[in-house]
Amino acid sequence: MAHLALQGANRPDEGSLGAPEIFPEEITVEEEIGSGSFGKVYKGRCRQKPVAVKILHRTFDKRTLLAFRREVKIMSKIFHPNICLFMGACLLPEKPCMMVTELLPKGDVESLLHDSKVTLSLFLRMKMARDAALGMNWLHCSNPVFIHRDLKSSNLLVDNNMNVKVCDFGLSQLIPRDHKVKDRQNAKGTPLWMAPEVMMFQEFNEKCDVYSFGIVLWELLTRQEPFSEYTSFEVFKADVCHKQVRPIIPADTPSSLSILISRCWSADPNERPSFEAIIGQLHKVIIDVSIRDEAARDFWTIHFIKREEVHWPEFLEAFCKFTGLPDDSMRERNIKSLHALLEPKKDEGGAEAVSIEQFGRLIDWFGLKKSKSDDGGEDSIFDRMREMVQKTWFHGEITTQEANQKLSTLPAGTFLVRFSSTHNGSYTISSLPQSGGKVKHQRVSYVEGVGYTLNGETKPSLEVMVRDANDLLIPCPGSKYQSLFVEQSTEMMGYE
Ligand SMILES: Nc1ncnc2c1ncn2[C@@H]1O[C@H](COP(=O)(O)OP(=O)(O)OP(=O)(O)O)[C@@H](O)[C@H]1O
């Protein structure tokens with residue numbers, strides 16, 4: 001009954017919200033996918049399209065209704081690829097208040113980060129951060145300025161292509177550009193992500209969202225909950241506001257990222273960067289977290305800044321020039337090896353593209369620097385790649401499970417060498433012990449200029465390691481690179 005009274009008294013002039021109207025009969029509600037302070041979110045269908053339907057509690061107070069109406073009003077005015085698409089609302093008196101938005105099937109970033117079964121590389125997590133920053137920049141660039149006021153990882157939603165969109169505008173507010181405002185009563189937002197000036201009821205502007213973004217960046221970096229050590233709100237508030245306590249940034253974080261996080265959550269809002277500046281810095285962070293080798297990083301920055309994927313021909317031309325690949329009889333085989341190891345993915349138009357992540361991993365595995373060859377000369381990265389794919393025992397990027405499947409029915413002493421699926425730059429030797437039993441997986445670390453280390457013993461090449469081992473006897477057949485060399489041996493025969 002309470003909600004009926006409120007609906008009657010507080011819903012004047014629905015048309016002024018300017019939201020496209022959707023009637024309840026047009027919406028089919030399916031399973032629940034989330035809940036919040038206002039009510040629940042369901043997966044549903046509207047006009048044959050899968051959608052998300054946010055339904056207000058059956059009983060709600062005036063504040064909740066105002067927040068819901070504010071959200072509808074704001075969402076019906078913002079359109080950006082990184083902001084959850086508003087599709088319409090039902091605000092009819094006597095009917096449940098509902099808001100229809102696009103469905104983001106992968107749910108929210110917080111749930112994904114804390115699900116240990118979900119693999120999310122740091123590269124992908126930083127791309128997610130940049131998507132969120134792009135959405136936030138759109139809000140902050142509008143005039144008057146939109147302040148979100150509740151930016152946190154659970155208000156970032158993810159689509160099937162892992163694109164991130166900002167949602168939940170229930171606490172958002174508009175302020176004139178270059179102005180500051182103050183909360184008169186309760187501070188709005190979620191305390192763990194709330195800027196100190198907001199918590200202390202001081203004047204604030206859109207930079208309060210940048211503070212929250214700093215906490216989100218830290219969550220994306222660490223996959224942990226912020227401030228989980230606190231049990232008392234008063235102690236937490238005093239520490240954050242007066243002692244400037246912030247979550248600990250892991251020591252091995254690339255400096256471009258740790259500096260960005262620290263600047264975002266500065267105590268002084270003027271020291272926090274704008275989202276425009278954050279986006280620029282995240283382009284750099286994405287390169288830094290994807291490519292560990294400094295020279296390779298410079299290569300990508302000079303040629304492909306702001307791009308995470310480059311078409312194969314463009315990449316090849318730049319990389320061959322950069323490495324000085326000679327135009328000799330090996331050139332074609334070198335390029336074939338590079339292509340096979342990079343495994344460029346086909347984009348929507350069918351063109352092959354090399355990703356920054358894959359490039360970074362390739363450099364970790366093979367190193368850019370020249371190394372000493374067996375004949376006293378020098379081997380380039382191309383020599384190392386070409387020689388590796390020719391080894392019958394080398395199976396490249398296969399998982400532990402795939403290695404188990406390949407080996408399980410073969411005789412003892414059979415082995416293969418593959419890239420480690422968990423440690424960038426390392427290799428794994430999977431073998432069937434001669435003593436019998438299950439497949440054994442041993443990680444070999446590779447340090448450029450030093451060699452390949454297994455059980456404390458370092459060898460100059462994997463070939464030497466395999467040759468010197470007593471129990472690696474029969475190369476496992478079925479390497480995907482073998483077909484590459486069937487053609488090449490024929491070609492070679494042709495040359496001779
Ligand atoms: N469009 C959507 N697609 C998929 N899931 C969604 C969608 N909208 C919301 N959700 C899920 O529902 C949860 C709650 O939604 P939302 O943040 O809008 O609620 P809220 O009550 O405003 O939250 P809070 O109480 O934290 O302010 C989200 O964290 C997300 O898991």
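The first residue in the sequence is number 1, and the count goes up from there. Keep in mind that this is a model prediction, so the values were computed, not measured. Just follow the structure's listing: the first ligand is 1, and inside any ligand the first atom is 1.
In this structure, S154 counts as a contact residue of ligand 1, since one of its heavy atoms falls inside 4.0 Å of the ligand. Contact between S35 and ligand 1 is present, with at least one heavy atom of the residue lying under 4.0 Å from the ligand.
Taking a 6.0 Å sphere around CD of E276, one finds it holds 12 or fewer heavy atoms contributed by other residues, nucleotides or ligands.
With a heavy-atom cut-off of 4.0 Å, P105 does not touch ligand 1 at all. Here D150 has side-chain heavy atoms under 4.0 Å from ligand 1, and that is the only part of it that gets that close. Contacts between K152 and ligand 1 below 4.0 angstrom, taking non-hydrogen atoms only, involve the side chain exclusively. Contacts of T190 with ligand 1, taken as heavy-atom pairs under 4.0 Å, are absent altogether.
Annotation: side chain of E102 is in contact with side chain of K165 (closest heavy-atom distance under 4.5 Å).
From the protein, the heavy atom lying nearest to atom 18 (O) of ligand 1 is K54 NZ, 2.7 Å. Of the protein's heavy atoms, E102 O, 2.9 Å lies nearest to atom 1 (N) of ligand 1. With hydrogens left out, the protein atom closest to atom 24 (P) of ligand 1 is D168 OD2, 3.6 Å, a heavy atom. Atom 17 (O) of ligand 1 has as its closest protein heavy atom N155 OD1, 2.8 Å. Looking from atom 21 (O) of ligand 1 to the surrounding protein, the closest heavy atom is F38 CD2, 2.4 Å.
Considering backbone and side-chain atoms alike, E71 places every N or O at 3.5 Å or more from each N or O of ligand 1. Residue L104 places at least one N or O, backbone or side chain, under 3.5 Å from an N or O of ligand 1.
For residues 193-217, the set of pairs meeting the side chain to side chain donor-acceptor pair (under 3.5 Å) definition, not counting sequence neighbours, comprises H140-D209, W193-E219, E197-R272.
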Checklist entry - Can H148 and D168 be said to form a side chain to side chain donor-acceptor pair (under 3.5 Å), step by step? => result CA-CA 8 Å; H148 187 285; D168 193 357; over 6 Å; no
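Comment: K54 engages E71 in a salt bridge, judged by a side-chain N to carboxylate O separation of less than 4.0 angstrom.
The closest donor-acceptor contact from the side chain of R418 to the backbone of H395 lies at 3.5 Å or more, if one exists at all.
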Residues 256-265, side-chain donor-acceptor partners within the protein, below 3.5 Å, at least two apart:
unit_1, atom_1, unit_2, atom_2, d
S256, OG, D288, OD2, 2.6
S258, OG, S255, O, 3.3
S262, OG, S258, O, 2.9

